[in-house]
There are 2 protein chains.
Amino acid sequence: MQISRATEYALLGLGYLAKKNGVAASAAEIGENEKLSVYFLRNVFQKLRDAKLITTKTGEGYLLAKKPQQISLKDIVEAVEGPMNIHACLQKKNTKCVRSGGCKILKTWGGIQEKFLAELQKVRLTDLI
Amino acid sequence: MQISRATEYALLGLGYLAKKNGVAASAAEIGENEKLSVYFLRNVFQKLRDAKLITTKTGEGYLLAKKPQQISLKDIVEAVEGPMNIHACLQKKNTKCVRSGGCKILKTWGGIQEKFLAELQKVRLTDLI
DNA sequence: TTGCTTCTACACCAATTTTGTGTAGAATAC
DNA sequence: GTATTCTACACAAAATTGGTGTAGAAGCAA
């Protein structure tokens with residue numbers, strides 16, 4: 001299991017913004033300073049904007065929408081990767097599981113996922129810079 | 001983030017073996033009963049064998065190598081997906097990170113990963129069937 | 001021995017996801 | 001108006017995942 005590069009882009013980009021402390025930074029500037037593909041960065045930041053973690057100003061760049069303290073790692077990961085679902089049941093929704101142990105497995109993963117998300121929630125952007 | 005289908009195959013297959021309680025089951029039998037691709041199942045079981053979670057007997061099938069109580073979810077996940085590494089640093093090994101917040105991020109993910117693995121370690125195959 | 005079953009160790013391929021590129025256009029500031 | 005930068009796509013290369021196929025070896029039983 002791996003955290004995707006997209007999430008890493010988000011963390012580095014947001015970290016950069018946090019350090020600018022309220023001053024907007026363009027995709028070009030962030031890419032330059034953090035050695036990231038500007039093109040890919042733009043895609044990732046679009047998702048962060050959709051999730052309202054940043055605001056944008058055409059002609060100026062990106063800004064954090066909240067204080068770094070108020071942005072959790074969970075917020076970031078979910079913004080970039082979509083709502084997390086550690087275990088994807090092979091079964092289609094609304095059909096009864098045909099497998100011998102299916103549901104027990106699902107419940108177990110559910111518990112693990114909850115704890116994992118709780119850990120992500122604890123970490124704030126301020127802890128990463 | 002998602003658990004791969006391969007892991008799901010492993011869990012279902014191992015669960016099936018656990019229920020057979022010491023009687024060997026062939027890939028064909030497991031595939032039939034759990035509604036899984038026999039071809040893919042074979043690939044996954046090869047990995048479980050390399051990790052010594054199961055033993056094989058040509059002509060008969062697969063057997064658990066240990067008691068279900070002694071096989072943890074961590075064992076299974078690591079056997080199938082390889083040693084886990086939640087965060088893959090963009091940086092090449094042995095080069096200093098050029099990014100502004102890189103190392104802090106890496107350390108944080110490391111801690112989260114440890115807790116996650118500890119959770120997986122707690123769960124035994126017996127808990128899944 | 002022969003025949004049957006089943007695993008083994010590949011190689012291969014299709015589908016999907018991830019990562020990255022490119023561009024026309026709209027918004028904003030100066 | 002001009003320069004800058006985001007926006008909303010579409011596109012494509014690369015990597016991964018999921019799945020298929022096969023020749024061969026190993027074990028077992030008659």
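Every chain is numbered from 1 and lettered A, B, ... according to where its sequence line falls, protein lines coming before strand lines. As the structure is a computational prediction, the values presented were derived from the model and not from experiment.
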Following the transitive rule for hydrophobic clusters with a side-chain heavy-atom cut-off under 4.5 Å over Ile, Leu, Val, Met, Phe, Trp and Tyr, establish whether M84(A) and L117(B) coincide in one cluster. yes

Please list, in 5' to 3' order, the outermost nucleotides of DNA chain D lying under 4.0 Å from any heavy atom of chain B. dG18(D) to dC28(D)

In terms of heavy-atom contacts, I30(A) and A25(A) come closest through CG1-CB, 4.0 Å

Check: residues 39-56 of chain B side-chain donor-acceptor pairs under 3.5 Å, at least two apart:
none

Whole-Å distance between dT6(C) C1' and E32(B) CD? 16 Å

Roughly how far apart are L64(B) CG and Q70(B) CD, rounded to 0.5 Å? 10.5 Å

Partners passing side chain to side chain contact (heavy atoms under 4.5 Å, CB included) against K57(B) (at least two apart in sequence or in another chain): E60(B)

Which residue pairs pass the salt bridge (charged side-chain N to carboxylate O under 4.0 Å, His left out) test when at least one of the two sits in residues 62-76 of chain B, sequence neighbours left out? K74(B)-E78(B)

Tell me which residues in residues 58-66 of chain A put a heavy atom below 4.0 Å from DNA chain C, sorted by number, or none. T58(A), E60(A)

Would you indicate whether the side-chain heavy atoms of I105(B) and L12(A) approach each other to under 4.5 Å? yes

Side chain to side chain donor-acceptor pair (under 3.5 Å) partners of residues 108-119 of chain A, not counting sequence neighbours, each pair once: H87(A)-W109(A), K115(A)-E119(B), E119(A)-K122(A), E119(A)-K115(B)

Scan nucleotides 13-20 of chain C against the protein and return all N/O pairs shorter than 3.5 Å with their distances rounded to 0.1 Å.
residue : atom : partner : partner atom : Å
dT19(C) : OP1  : R5(A)   : N            : 3.0
dG20(C) : OP2  : Y9(A)   : OH           : 3.4

Length of the CG-C1' vector between L17(B) and dC7(C), whole Å: 14 Å

Atom-to-atom span, CZ of R42(B) to C1' of dC10(C) - whole angstrom: 11 Å

For E32(A), which residues count as a side chain to side chain contact (heavy atoms under 4.5 Å, CB included) partner, sequence neighbours excluded? none

Euclidean distance, L73(B) CG relative to L128(B) CG, rounded to 0.5 Å: 6.0 Å

Have a look at A28(B) and say if it touches a base, only the backbone sugar-phosphate, or nothing, with a 4.0 Å heavy-atom cut-off. nothing

Kindly say whether S37(A) contributes a backbone atom to a donor-acceptor pair with the side chain of Y9(A) at under 3.5 angstrom? yes

Considering all heavy atoms, the nearest L125(B)-G15(B) contact: CD1-N, 4.1 Å

Side-chain (D127(B)) to main-chain (R124(B)) donor-acceptor, under 3.5 angstrom: yes

Counting only heavy atoms and a strict 4.0 angstrom limit, can you tell me which residues of residues 49-56 of chain B come near DNA chain C? R49(B), T56(B)

